[in-house]
Amino acid sequence: MTAPLIDPFARAITYLRVSVTDRCDFRCVYCMSENMTFLPKKELLTLEELDRMCTAFIGMGVRKLRITGGEPLVRKGIMTFFRAMTRHLETGALGELTLTTNGSQLARFADDLFAAGVRRVNVSLDTLDEGKFAQITRWGRLAQVLNGIDAAQQAGLRIKINAVALKGFNEDELPTITEWCAARDMDLTWIEVMPMGDIGNENRLDQFWSLKDVRAAYERAYTVADLAERSGGPARYVRLEETGQKIGFITPLSHNFCESCNRVRLTCTGELYMCLGQEDMADLRAPLRDHPGDDTALRAAIRAAIEHKPKGHDFDYSRQQPGGQMSRHMSHTGG
Ligand code: SAM
Ligand code: SF4
């Protein structure tokens, strides 16, 4: 192993999120437009290149790998990649291999994921109402996702539900979703909607449901205790005394979490984004492809990129317009 990755603000980079595809079988309204143009295949890192890339990061101190997308489980042959990462779990170089998924393919892959060493999975689910689910995902079917969650739990995977907080959409479901998660022993995290990508006619300020208000809704119904726990990311946690459940709040817009940021994001084309809220990125595909079989240039490019990790992001809704709006889609950087 070479020296660990430390950025200019003395933050150790130990967490890599990797988007393995920009494609998806859903078209969630806050994430994609209905008619997305996806990247040509040759632009994507191959499964072997993804392996080389992740292995280089692990060699430089990355302990946690989260596979995302687009929908990671629609990438052809993705289980080959997961199985390849198992070797790093076995040596202890990698502490955790995990993924974020819409759940549509979990029934098919849950056992394989467990066998590859995955133990925890984040499933994105914003509503338990079939009609509303079809409306928000455009192409998704709730029953398929619920089957996937069942299969994952049966396979021994621990599930955390991620729900995007959407004003006038799932506000009324807060108790239902919370009790459903409690009954199934699943943690729950609410995410503030972020200004990412051109998603058509939806007005994001209309969708914005502040997590301050979500928290207030919990306080009206439950006894809420703050937890000191930090994940190095934008999530803050509370415990509901009545259910014993841990509830997370991801508030990139209304809170500044950047001082403890331990993560970077790799896109499916091999661009490294040092911050979700900044355009600055480094191309790692060229040093990878130009030097097959030798990672010296790749490692140098990774180190140079980390030296440019910015102090923080520029998202700001306070002036009633989506300031700091990002032109790229969440499915590009990987949520
Ligand atoms: N397809 C997978 C899924 O849905 O879990 C993984 C990729 S998806 C881009 C990752 C997460 O980003 C999901 O939880 C999704 O709800 C969230 N997301 C997408 N667009 C968002 C936005 N504009 N604001 C906040 N969260 C968003
Ligand atoms: Fe697909 Fe996930 Fe984006 Fe929904 S949030 S469109 S499931 S990538």
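Indexing begins at 1, ligand by ligand and atom by atom, following the structure's order.
- Taken from CZ in Arg63 to CG in Leu16, the straight-line distance is 14.0 Å, to the nearest 0.5 Å.
- By the criterion of a heavy-atom distance under 4.0 Å, the side chain of Thr68, and not its backbone, is placed next to ligand 1.
- Between Gly70 and ligand 1 there is a heavy-atom distance shorter than 4.0 Å.
- Residue-ligand proximity, Gly69 to ligand 1, at heavy-atom distances under 4.0 Å covers atoms 7 (C), 9 (C).
- Atoms of ligand 2 found under 4.0 Å from any heavy atom of Gly70 (numbered from 1 in listed order, with element): 8 (S).
- Judged purely by distance below 3.5 Å, without hydrogens or angles, the side chains of Arg17 and Tyr15 pair a donor atom with an acceptor atom.
- If you check each of Pro72, Cys31, Ser104 against atom 3 (Fe) of ligand 2, the one with the closest non-hydrogen atom is Cys31.
- Side-chain N or O atoms of Arg119 include one that pairs as donor or acceptor with a backbone N or O of Phe114 at under 3.5 Å.
- For ligand 1 and Ser124, the ligand atoms under 4.0 Å from any heavy atom of the residue are 3 (C), 4 (O), 5 (O), 13 (C), 14 (O).
- Remark: Lys132 qualifies as a cation-pi partner of Phe169 under the 6.0 Å distance and 45° angle criteria applied to the six-membered ring.
- Listed by number with element, the atoms of ligand 1 under 4.0 Å from a non-hydrogen atom of Val193 are 24 (N), 25 (C).
- Residues Asp51 and Arg87 meet the side-chain proximity criterion, which asks for heavy atoms closer than 4.5 Å.
- Taking every heavy atom of Val164 and a limit of under 4.0 angstrom, the matching atoms of ligand 1 come to 16 (O), 26 (N).
- For the residue pair Tyr218/Thr178, the side-chain donor-acceptor check at 3.5 Å is satisfied.
- Counted by atom type alone, Thr127 and Glu173 present one or more donor-acceptor pairs between their side chains at under 3.5 Å.
- Residue contacts with ligand 1, taken as heavy atom pairs separated by less than 4.0 Å, involve Thr101 solely via the backbone atoms N, CA, C and O.
- Residue Ser124 places every heavy atom at 4.0 Å or more from ligand 2.
- With a 4.0 Å cut-off on non-hydrogen atoms, Thr100 touches ligand 1 through its backbone as well as its side chain.
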Salt bridge (charged side-chain N to carboxylate O under 4.0 Å, His left out) between Arg120 and Asp187, worked out: CA-CA 11 Å; Arg120 299 195 297 176; Asp187 289 325; over 6 Å; no

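- Coordination check, Cys24 versus atom 3 (Fe) of ligand 2: failed, since every N/O/S atom of the residue sits at 2.8 Å or beyond.
- Under a 4.0 Å criterion applied to the non-hydrogen atoms of Phe26, ligand 2 contributes the atoms 6 (S), 7 (S).
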